[in-house]
Amino acid sequence: MDLQPSSMTPIDTTTSPHAGKHILCVEDEHFISELYARALTKAGYLIDIESDGTNALAKAQSDNYDVILLDLMIPSIDGIEILRRLRDPAQTKPLKAKVIIITNLEQRDDVRADIEKQADGYIIKAEITPHELAEFLDNMAL
Amino acid sequence: MDYFEGAKIQIRAYLIFVILAENLLLIVGIWFAVAKLYLPLAYVALGAYAVSVIMTFIITVAATDFAMQPLQAIWRAVMHLAPNHNNVAAPDINKLVVGRTLVTNLTAQIYQIASVAEQTASVVDKQSSSLKANFIASNMPLPLFVLDASQTIVYTNAAAGAYLGRNADDMIGQNVYSILNMLFPSEATFNVWLQQAKTNSVTSSSFWERVRIDVSDNQPTRLFDLAAYYNKGNSLHYETMLILFDHTKSYSQDDQAVSLIALGVHELRTPLALLRGYIETFDEETQGKLDPELAGFMAKMKATAQQLTAFVNNILNVARVDNDQLSLKLHEENWPMVLQSAVDMMSLRAEVRGITLKLNIAEGLPTVGADRISMQEVIDNLIDNAIKYSGSSKQITISSSVNAEGFVETSVQDDGVGIPANIVQNLFTKFYRDHRNRAQIGGTGLGLFLCKAIVTAHGGNIWVKSKEGKGSTFSFTLLPYSRLADEVKNSDNKEIARVAHGWIKNHSLYRR
């Protein structure tokens, strides 16, 4: 079964208040990205998956997205560095996209608070199902 | 010396009197024999000599006895007191004819000296026994604290000093609670026992296990067993004795076991999340397309994955509680909504076992201060237990209302197997499992421990009422949000941070 988002048509674009919004999912774990892609596409979002840090940064800086789901542990440039560069006015002009951290990393409270300050959301992947992720995005003011 | 002279004069007078009497008797006898009986002088002289020999012999014996009387009395007095001649009777001084005053005086002195000697001996004995006690107490390789009636340390030994990293003498005069920061695994703390002992007992002793004590600043907390003895109104002010037994090694093995399991279990989180994701996707996208049996299997698959997730979370959270790392963020929450969603999450797990969850929420509950995710876990664990111990009963009732103290009280009630009274008190202890059901019913013995840590961190209480064969009701309280309002005022972001511990502080009435 081909789960590439480009080849999928949204099943029901009326289910989500944000139907048609563009999501960049930066995630190198294929099982997770395919689950998220299917659930979010079904909920009416357009989803683009990127598993490499350098490519992800370039795509994010194009400012074509409404939401960026950003895993912290990805190859080449890690998520924290991507976030830093996205929030650095010298490197990236202010983005319209909301950046949501998706991770399973156990962080110390202060580290997490630091990351949360720069991001618009923080999700522990193990605590949320794809359906709940879609609900979370539906409830966000995009 | 007057008494001595008196005795000498007495003896001298006696001897003079006896010798003169003998002489007189002899002369009278000689005169009588010569003048009246006309016996020849030679015979008389011979006879007189014979009589004189006999009388001298008799007189000497009598005189010796007489003169020796005082000496004999004194000998008796000494022998009477001598340790190995206790069968010698004390002299009867009143019967003494000669030297009575001397003897009375001397024996009195002897008795006095003897009694002083005896006292000295007993003092020496006492001193040596207190030296022994002191030797034992100060060299006993267990920390020992002796407290007076105001819980002030009056004695402590070298081992206590070594454990606490300070000089034993420096701790004397300090309040025990300022020296020992004790954390107990249950409400039955040292102080609770001591207050009860002070009110109800003359002597009492007690024992505690798994007491956490921060022994010194730069060292990790150690785990002790504690033994204490109470003795009311002790004349030395040694009212309470407290001995610590260090079991850090064995107890921390349990904790390490949890940490180790947690380390492994942590790696289950991602695969489990994936599994639940795939199950969810399948469930949603095959909705209405599966035959009833397969739909049932799908539900059971989903319920089992949820149960496994809850188990993993329990282990991870207990490890966090052990390390004081389970941090909670209390927000104002609409309790009926939280409860409803928690119960909804559990309904599938109940349903696949044919059990119905009934929810009774009183009207007009105030909002509560709660950490939603942790509270979800508390309710999860209580309902999960109720399901496991439901027996043949098919309904679990969850109810919530405001109690007499104004707290929001929530109960999970089953009509299942119940809990025997003797094990109720251990239920909230880590690793405790009802041994009756160990074989039949799975579990880690961590769920209720975690519930208690979470509820306590919320400022609430958790307890159980149960009757064997009739079922159990687990209840817990939460504070209405209004009661936490003061804490919120001092916080920047409308939330209250708490850390869940598995330990009860030794609440003390002591204020310094």
Side-chain angles (χ1 to χ4, degrees), chain A residues 1 3 5 8-12 15-16 25 27-45 47 49 69 71-74 102-114 116-117 122-139, chain B residues 259 262-287 301-303 305-306 308-317 319-320 323-329 341 344-345 348 371-374 376-377 380 491-493 495 497-500:
Chain A
M1 184 159 44
L3 283 178
M8 286 185 73
T9 39
I11 296 165
D12 181 2
T15 50
S16 164
C25 178
E27 169 63 74
D28 66 326
E29 169 68 74
H30 180 61
F31 283 13
I32 289 175
S33 54
E34 71 175 11
L35 272 170
Y36 286 0
R38 191 168 180 105
L40 295 177
T41 307
K42 199 166 170 0
Y45 295 93
I47 185 159
I49 292 169
L69 298 175
D71 185 13
L72 292 181
M73 298 272 280
I74 46 169
I102 51 171
T103 184
N104 267 340
L105 223 55
E106 287 273 305
Q107 302 278 8
R108 289 214 325 268
D109 277 356
D110 52 335
V111 176
R112 177 171 168 167
D114 264 5
E116 273 183 283
K117 246 181 254 168
Y122 191 103
I123 288 172
I124 309 274
K125 283 183 277 187
E127 288 172 2
I128 196 164
T129 65
H131 186 85
E132 285 164 347
L133 175 66
E135 280 180 354
F136 177 86
L137 294 179
D138 289 350
N139 293 329
Chain B
S259 304
L263 204 70
V265 158
H266 191 262
E267 294 307 306
L268 295 177
R269 294 193 337 149
T270 305
L272 254 173
L274 286 170
L275 203 55
R276 284 168 60 214
Y278 286 116
I279 292 170
E280 183 187 82
T281 308
F282 254 98
D283 189 31
E284 276 174 14
E285 299 196 13
T286 57
Q287 208 62 249
M301 201 151 77
K302 207 171 169 179
Q306 280 174 8
L308 193 52
T309 306
F311 165 79
V312 164
N313 288 339
N314 261 2
I315 302 252
L316 293 175
N317 282 328
R320 289 184 187 120
N323 296 320
D324 284 349
Q325 281 174 349
L326 184 62
S327 43
L328 310 176
K329 300 217 165 29
S341 96
D344 286 348
M345 292 280 286
L348 183 65
D371 180 288
R372 193 185 253 267
I373 292 171
S374 306
Q376 167 90 49
E377 278 177 344
D380 252 43
S491 163
D492 320 333
N493 46 3
E495 65 179 24
R498 295 272 173 87
V499 175

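All figures in this text were calculated on a predicted structure; none of them were measured in a lab. Numbers restart at 1 for each chain; the letters A, B, ... are given by sequence-line order, proteins then strands.
- In this structure, CZ in A:Arg38 is found 4.0 Å from CD in B:Glu285, a value given to the nearest 0.5 Å.
- Listed by first and then second residue, the salt bridge (charged side-chain N to carboxylate O under 4.0 Å, His left out) pairs involving residues 273-284 of chain B are B:Asp283-B:Lys302 (not counting sequence neighbours).
- Using a 4.5 Å cut-off on side-chain heavy atoms (C-beta onward), A:Thr129 and B:Ile279 make no contact.
- Atoms CD and CG, from A:Glu127 and B:Asn313 in turn, are 6.5 Å apart once rounded to the nearest 0.5 Å.
- Counting heavy-atom neighbours within 6.0 Å of B:Phe282 CZ, excluding the residue itself, gives a total of 12 or less.
- Summarising the geometry, atom OH belonging to B:Tyr278 is positioned 3.5 Å from atom CD belonging to A:Glu34; distances are rounded to the nearest 0.5 Å.
- At most 12 heavy atoms of other shown residues, nucleotides or ligands fall within 6.0 angstrom of atom CD1 in B:Ile373.
- In this structure, chain A has a heavy atom under 4.5 Å from the side chain of B:Thr281, while its backbone stays farther away.
- Legend: residues meeting side chain to side chain donor-acceptor pair (under 3.5 Å) with A:Glu29, ordered by chain and number and at least two apart, are absent.
- Proximity to chain B (any heavy atom under 4.5 Å) is restricted, for A:Ile124, to the side chain, taken from C-beta onward.
- We find the CG-CG distance between B:Leu274 and A:Leu35 to be 6.0 Å, quoted to the nearest 0.5 Å.
- When all heavy atoms of B:Ala273 and A:Ala126 are compared, the closest pair comes out as CB-CA, 3.6 Å.
- Between A:Pro130 and B:Gly277, the shortest heavy-atom distance links the atoms CD-CA, 3.5 Å.
- Here the options are B:Arg269, B:Glu267, B:His266, the test is side-chain contact (heavy atoms from CB on, under 4.5 Å), and the partner is A:Asn104; only B:Arg269 passes.
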